[in-house]
Amino acid sequence: EFPFAQIETEKTGWPSYSTLGENGEIVAAHGLNGLVISSRENKGTGSWNYSLLPGPEDHEYILWNRTITSGENYMRVHSLAVTASTAYAGTPYLGLNGALVYSLSTDGGNSWTMQNEVLDGMSADNYVGFDGDTYCFAPPKDNIVAFVVGESWYDLFLMKSTDGGETFEKTLIWEHPYPFFDPNNLTVTDTFYCADGSHSCIIDNNGMVHVAFSIDRAYSDGTSSYWFPFIDGIAYWNENMPTFSNHVNALSPYGDDGSELVENYNLIAWSQDINNNGTLDIMDEIGTYYVGLSSYPQFVYGQNNQIYLVYSSVTESYNNGTANYRHLWARTSTDGGLSWGEFYHLTSDLVHIFDECVFPSCAANTDDYIHLVYQFAIGKAL
């Protein structure tokens, strides 16, 4: 039955859900004094046990967590969260105006062997600070734990551990052309293509990480910063591929001079020309979300080395005469990312003809199906 009681006894937000133990579950959400950890031995039944994972001393308020479990019986708990920046009445921590901190428990969250660590390569020696919701974990595999961080104003990079989260190695996927860009002390930039902050990653059966990320464009005139809502493309990278440079056009999906994207190799999705007239016929008004035309990629790894991509894209011919809608699309690689097949329109049914379909979230495992949830708004773009 639909639940009418909340899990926690206090106001929380941004929950992460994972398996815990042989048949249990764990939920981590940010509260006023840190992450509220709720767990129980059997999924869907019984009383919850509560604990608190506060942020660092004098920075207890940490937000926008991503929490997963791994290892034997899923008893290793890994958590990422951001300390409150000055924009949220916080103060810099270890020189970072919004520090992305990592915590590790090896006993199901009862104690923490690493707590609020700023990992090597993610310190004030590398960045000004981090924003919330610009990082994601891959579903763990064996002792491999990996997460990706990045958005329009700092690098896109992979952090990968092969020892269950004890140590991490950093790989720079895309190098930002303007390192140490400070949103509170703007400088003038050229216009550059960039990651928009929405990405997904998976680990294949060989232990290799695959990453999908969506593309945008941005610049600063020294007074304000800007982005381009009609830039279109989902990029792909894996650990066998070269990384992207800091050229301002490195992530151009349009073949600009200096572009390092190749269609169906590392540029794997975009808005579809449904009427096949050679142009993308969309309305001037769209739901923007501070992302490009195609965004919110989700990778799912199949049982036979398939990689499934689900994403939300502004979709030609679906509009109310004023605003164009985003719909969900999918594409598959049956050979571990070497090639990509046809595009599938997942929300083409009449029930969604006047709906805005966004924020797909896919379960890690597959059977005969991909399992996903998403949000839709009826009758108008958001």
Side-chain angles (χ1 to χ4, degrees), residues 14 30 55-66 80-102 116-136 147-159 168 170-199 211 213-229 231 235 243-252 258 260 288-292 295:
W14 269 255
H30 70 233
E57 185 176 359
D58 297 325
H59 299 269
E60 289 80 6
Y61 184 42
I62 52 176
L63 305 99
W64 304 304
N65 90 100
R66 299 292 188 273
L80 289 168
V82 179
T83 61
S85 68
T86 53
Y88 294 90
T91 57
Y93 176 64
L94 298 182
L96 291 162
N97 191 21
L100 183 57
V101 292
Y102 170 77
N116 301 310
E117 295 284 338
V118 173
L119 299 175
D120 289 344
M122 296 170 52
S123 72
D125 292 335
N126 312 99
Y127 301 102
V128 171
F130 295 93
D131 292 327
D133 296 335
T134 61
Y135 37 87
C136 66
F147 61 91
V148 170
V149 184
E151 61 111 75
S152 300
W153 296 103
Y154 44 82
D155 301 331
L156 179 74
F157 59 91
L158 165 70
M159 301 294 287
F168 285 86
K170 178 181 178 180
T171 301
L172 204 59
I173 299 172
W174 167 66
E175 184 180 0
H176 201 282
Y178 298 96
F180 295 99
F181 184 87
D182 188 347
N184 294 314
N185 186 21
L186 296 177
T187 55
V188 176
T189 74
D190 197 351
T191 304
F192 59 95
Y193 291 94
C194 53
D196 74 3
S198 179
H199 36 256
V211 179
F213 63 96
S214 40
I215 300 167
D216 210 330
R217 206 178 188 197
Y219 77 96
S220 170
D221 61 9
T223 301
S224 299
S225 57
Y226 304 89
W227 61 287
F228 294 72
I231 300 300
T243 58
F244 298 96
S245 75
N246 64 355
H247 193 287
V248 293
N249 289 336
L251 296 183
S252 168
E260 298 166 17
T288 53
Y289 311 96
Y290 298 98
V291 297
S295 195

How long is the span from the CG atom in Asn246 to the CH2 atom in Trp174, to the nearest 0.5 Å? 9.5 Å
Please confirm whether the backbone N or O of Ser198 pairs with a side-chain atom of Ser214, one donor and one acceptor, at under 3.5 Å? yes
Heavy-atom closest pair (His59 atom, Thr83 atom, distance to 0.1 Å) is CB-CG2, 4.4 Å
Where does the angle between the aromatic ring planes of Tyr154 and Phe130 fall among parallel (under 30°), tilted (30 to 60°) and perpendicular (over 60°)? perpendicular
Where does the angle between the aromatic ring planes of Trp64 and Tyr88 fall among parallel (under 30°), tilted (30 to 60°) and perpendicular (over 60°)? perpendicular
Contact between Val118 and Val101 at the side-chain level, heavy atoms closer than 4.5 Å - yes or no? yes
Just verifying a value: how many Å separate Tyr219 OH and Phe228 CZ, rounded to the nearest 0.5 Å? 6.0 Å
Could you measure the distance from the OG1 atom of Thr187 to the CZ atom of Phe180? Nearest 0.5 Å is fine. 13.0 Å
Shortest non-hydrogen contact from Ser85 toward Gly98: CB-N, 4.0 Å
Taken to the nearest 0.5 Å, the spacing of His199 NE2 from Phe147 CZ works out to 10.5 Å
Pairwise side-chain contact, Leu172 with Thr243, heavy-atom cut-off 4.5 Å (strictly under): no
List the atom of Asn126, the atom of Met122, and the distance in Å for their closest heavy-atom pair. OD1-N, 3.5 Å
Tell me, please, which residues at least two apart from Tyr127 pass side-chain hydrogen bond (donor to acceptor under 3.5 Å, both in side chains). Asp155, Lys170
Would you indicate whether the side-chain heavy atoms of Leu63 and Trp14 approach each other to under 4.5 Å? no
So, Trp227 and Asp196: side-chain donor and acceptor under 3.5 Å apart, yes or no? no
My understanding is that only one of Thr191, Thr189, Asp221 makes a side chain to side chain donor-acceptor pair (under 3.5 Å) with Tyr226; could you say which? Asp221
Out of curiosity, Tyr135 OH to Tyr102 OH, how far, rounded to the nearest 0.5 Å? 15.0 Å
State, to 0.1 Å, how close Pro92 and Thr86 come at their nearest heavy-atom pair, and which atoms those are. CD-CG2, 4.2 Å
On a heavy-atom basis, the closest approach of Leu94 and Ala124 is O-CB, 3.5 Å
Audit row: Ser295, Tyr289, side chain to side chain contact (heavy atoms under 4.5 Å, CB included) steps and yes/no: CA-CA 10 Å; Ser295 195; Tyr289 311 96; over 6 Å; no
Heavy-atom check, side chain of Tyr290 versus side chain of Asp216, under 4.5 Å: no
So OG of Ser225 and CG of Leu186: to nearest 0.5 Å the spacing works out to 5.5 Å
Under 6.0 Å from the CG atom of Asp133, do we count more than 12 heavy atoms belonging to anything else shown? yes
Is a side-chain donor-acceptor pair under 3.5 Å present for Glu260 with Ser245? yes
Does any non-hydrogen side-chain atom of Val148 lie less than 4.5 Å from one of Phe213? no
Check: Glu175 and Phe157 side chains under 4.5 Å, non-hydrogen atoms: no
Within the distance-only criterion (no hydrogens, no angle test), does the side chain of Glu151 pair as donor or acceptor with the backbone N or O of Trp153 below 3.5 angstrom? yes
Minimum-distance pair of heavy atoms, taken over all atoms of Asp131 and Val82: O-CG2, 4.1 Å
